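The structure under discussion appears below in the form of structure tokens.
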Amino acid sequence: MQALIINILLGFVVVLALGLLIWSLNSSSNMTKKQLKVLWRIFLAAAMLLILELIPASFFAPLDNVFEGLSFIVVLILYLIDYLIIGYDILLKAFKGIKNGQVFDECFLMAVATLGALALALYDRSGDYTEAIAVMLFYQIGEWFQSYAVGKSRRNISELMDIRPDYANVLREDKISRVDPDEVQIGEIIVVNPGEKVPIDGKVIEGESTLNTSALTGESLPRDIVVGDEITSGCINMTGVLKIQTTKEFGESTVSKILDLVENAGSRKSKSEDFISKFARIYTPAVCISALLLALIPPLFNLLFLHAPADWHIWVYRALTFLVISCPCALVISIPLSFFAGIGGAGKAGILIKGSNYLETLSKTEIVMFDKTGTLTQGVFVVSDIHHNIMEKEKLLEYAALVESSSSHPISKSLIKAYGKEIDQKRVSDIKELSGNGVIAKVDGLEVAAGNDKLMAKLGIEHIECHSVGTIIHMAIDGKYAGHIVIADVLKANAEKAIAALKKAGIKKTVMLTGDRKNVAEKVAADLKIDEVYSELMPSDKVAKVEEFMEKKSARAKLAFVGDGINDAPVLRRADIGIAMGAMGSDAAIEAADVVLMDDDPLKIAKAVNISRKCLRIVYQNIVFAIGIKLICLILGMLGIANMWLAIFADVGVMVIAVLNAIRALFVDKL
């Protein structure tokens, strides 16, 4: 019965390996040469072992007519050839490990267990070498699945981050030269043709086009771009030819920073990974010593104290089985793979997580604190209302735009944009900008003042208080109050959904910290249903407020802060986990943050939390499953109930199941 099961199992392996080989040769499976080579070896070794199992023993009997024992030698040589086909690299690695003083690894365990099984078969002259070869064969199958899974994770990240430009077309002396992006200076003009990647951050000075930003933001919808728009490196130009004036060097561009984040993500290990690494360093020598004691103590006890047969071969077999079972592959491989897949899945969704330690911290987040401007709002000021007094709305807006035309302040720009016509500077003279108050100038010979209530008080002009939420620009013409303009920031499209999604994800408290005025902050917080709001804060006040919340929370709970500005960098560093808006966020915020949202969508915060929690669930599942199965099988092995076939399942089977479970962390679309 056992022989039948073995043959069915080997037949399945042959068919599976052959199917994978045919698939890899007839499709773009992205298998590496090394993976193909191992797959060929698995196929040949399994096929050869199946043939040797099916050939009856009498087939080799005539060889004994040449000389006694020749059939035994031929069968042994054939099995040894099969063993070397599938296991030569493991034996070499084990030898190199011993040579370099790194003895206790899985290759050493496999080598000792399989060579020991061969030695026992020779000792018994049973001719049953199947177990030794099967252990090595199924171990290689498990390693192949692990290698393919890691490769798939890496390819997902590589495809996602296939944004490194190979060259830049720089315009010099009316000639286009193809150069390395590192050679392009700030202020130079580069040309990006359809189908090419934008190599360096800059500003479009000529041309219109559509950009594919999916590699950066995870969004499938293309983005239209025109003259004057800022353009981010790493996007793919889809339609028109663009001329771009660079605003950063290649090393400081978005594409370089992203690639640096991805390349360094693997170096930051989580507590779970560190635990597994330490566990394996202690566990492997311990089980090797335990196996040695299992092979020596019971037979010696029988011999010396019970005066019974030592039964060395029984206890040595149990010790070898114990070694195969104890191999910590499932833990050592699947735990880092789970985190790697989680980071890859998040990256595919436009969420860059700088390391698995941050992924683990993010999963424990219970409090999320937000900056307001640029995080929950667009950071774009628009004219929301005009309350006129002595002139029409359009005229009041025109005078405001003319007075503010020489200022680069965001509010000034919003007034000019709302006016929407070309500014005639000849109409404006005697411009005086009063810091913190506003601007006074002559427009068409009339003295026009535009500013806050302090400016009106300074000029001795009675003004009407406005109860609308926003920034109020009071206007006075020739000493008479003319009305006021309300300018307000605009909420991001998904801001309200983002807060709701966080609460659905189990976040216990949402808090907004802002330097804006109290009435503006409270209005935004109420619209978004944020639990608590603190306004009129300086950057140092934000840090103090975060520290206050961190002292109050439980030791296990983590606090995340979400921001985008330069003034948010200190608080991003201080929080347990800092989340930065990457597309429009400042370089300082991106550098300080642990997680970067590439499309500035606050809805991605909840997605990042859900991804991290899914990844940690998979990690804990693999830890409990692998350790639990191994402990049960180790006890059965010591008692002699488990044979080498159960040992194969306890090692390779558990590893394959754990690896396949880890791959689930890649799939994040529905989170």
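Nothing here was measured: the structure is a model prediction, and the numbers come from that model.
In this structure, the side chains of I55 and F60 come closer than 4.5 Å at one or more pairs of heavy atoms. Between Y79 and L49, the closest side-chain pair of non-hydrogen atoms falls below 4.5 Å. Between E131 and Y317 there is a side-chain heavy-atom pair separated by less than 4.5 Å. The closest side-chain heavy-atom distance from S233 to F250 is not below 4.5 Å. The side-chain heavy atoms of L137 and D82, taken from C-beta on, include no pair separated by under 4.5 Å. Residues N661 and Q621 form a side-chain contact, since some pair of their non-hydrogen atoms from C-beta on lies under 4.5 Å apart. Taking the side chain as every heavy atom from C-beta outward, M48 and L78 approach each other to under 4.5 Å. Taking 4.5 Å as the limit, some side-chain heavy atom of L115 sits within range of a side-chain heavy atom of Y83.
Note that CD1 of I627 and CD1 of I632 are 12.0 Å apart. Values are rounded to the nearest 0.5 Å. Between the SG atom of C288 and the CG atom of L293 there is a distance of 11.0 Å, given to the nearest 0.5 Å. In this structure, the separation between CG on L52 and CG on L54 is 9.0 Å, given to the nearest 0.5 Å. The CG atom of L362 lies 8.0 Å from the CZ atom of R613; values are rounded to the nearest 0.5 Å. We find the CZ-CD1 distance between F322 and I635 to be 9.5 Å, quoted to the nearest 0.5 Å. Once rounded to the nearest 0.5 Å, the distance linking CG of L91 with CG of L84 reads 7.0 Å.
Shown are V595, I351, I579; of these, the side chain to side chain contact (heavy atoms under 4.5 Å, CB included) with I605 is made only by I579. A side chain to side chain contact (heavy atoms under 4.5 Å, CB included) with S363 holds for exactly one of I577, L616, I611; it is L616.
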Legend entry - Derivation of the side-chain contact (heavy atoms from CB on, under 4.5 Å) call for L292 and I289: CA-CA 5 Å; L292 183 63; I289 293 167; 5.6 Å; no
Inset, instruction - May I have the step-by-step check of side-chain contact (heavy atoms from CB on, under 4.5 Å) for F340 and S356, ending in yes or no? - result: CA-CA 7 Å; F340 193 81; S356 51; over 6 Å; no
Inset, instruction - Show the numbers, then the answer: is there a side-chain contact (heavy atoms from CB on, under 4.5 Å) between I77 and I81? - result: CA-CA 6 Å; I77 290 171; I81 290 170; 3.9 Å; yes
Legend entry - Working for side-chain contact (heavy atoms from CB on, under 4.5 Å), residues I90 and F108: CA-CA 8 Å; I90 304 299; F108 173 78; over 6 Å; no
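Residues S612 and E360 bring no donor and acceptor atom of their side chains to less than 3.5 Å of each other. Side-chain contact, T361 with D576: no donor N or O sits under 3.5 Å from an acceptor N or O.
The existence of a salt bridge linking D89 and R41 is confirmed by a sub-4.0 Å separation between a basic side-chain nitrogen and an acidic carboxylate oxygen.
Panel note: side chain W144, backbone Q35; a donor-acceptor pair is recorded below 3.5 Å. In this structure a side-chain-to-backbone donor-acceptor pair under 3.5 Å is missing from D594 to Y358. In terms of modelled atom types and a separation under 3.5 Å, the side chain of K604 and the main chain of A349 share a donor-acceptor contact. The backbone N or O of I325 lies less than 3.5 Å from a partner atom in the side chain of K630, making a donor-acceptor pair. Remark: the backbone N or O of G195 is not paired with any side-chain donor or acceptor of N237 at under 3.5 angstrom. The backbone N or O of V668 lies less than 3.5 Å from a partner atom in the side chain of K607, making a donor-acceptor pair. When atom types are taken as modelled, the side chain of K614 and the backbone of F667 share a donor-acceptor pair closer than 3.5 angstrom. At least one donor-acceptor pair closer than 3.5 Å links the side chain of Q140 to the backbone N or O of I86.
Between F301 and F305, the two ring planes are tilted [angle within 30° to 60°].
The minimum heavy-atom distance linking A132 with A117 is given by the pair CB-CB, 3.8 Å. Across A47 and V14, no two heavy atoms sit closer than the pair N-CG2, 3.5 Å. Taking every heavy atom of both residues into account, G342 and C615 meet most closely at CA-SG, 4.2 Å. When all heavy atoms are compared, the tightest approach of A341 to L666 is O-CD2, 3.6 Å. Considering all non-hydrogen atoms of both residues, G355 and I343 come closest at C-CD1, 3.8 Å. In terms of heavy atoms, A505 sits closest to N610 at CB-OD1, 3.6 Å.
Within a 6.0 Å sphere centred on OH of Y88, other residues, nucleotides and ligands contribute more than 12 heavy atoms.
Within the structure, no pair that satisfies the salt bridge (Lys or Arg N to Asp or Glu O under 4.0 Å) test touches residues 657-671, not counting sequence neighbours. Identified under the salt bridge (Lys or Arg N to Asp or Glu O under 4.0 Å) test for residues 317-329, with sequence neighbours left out: none.
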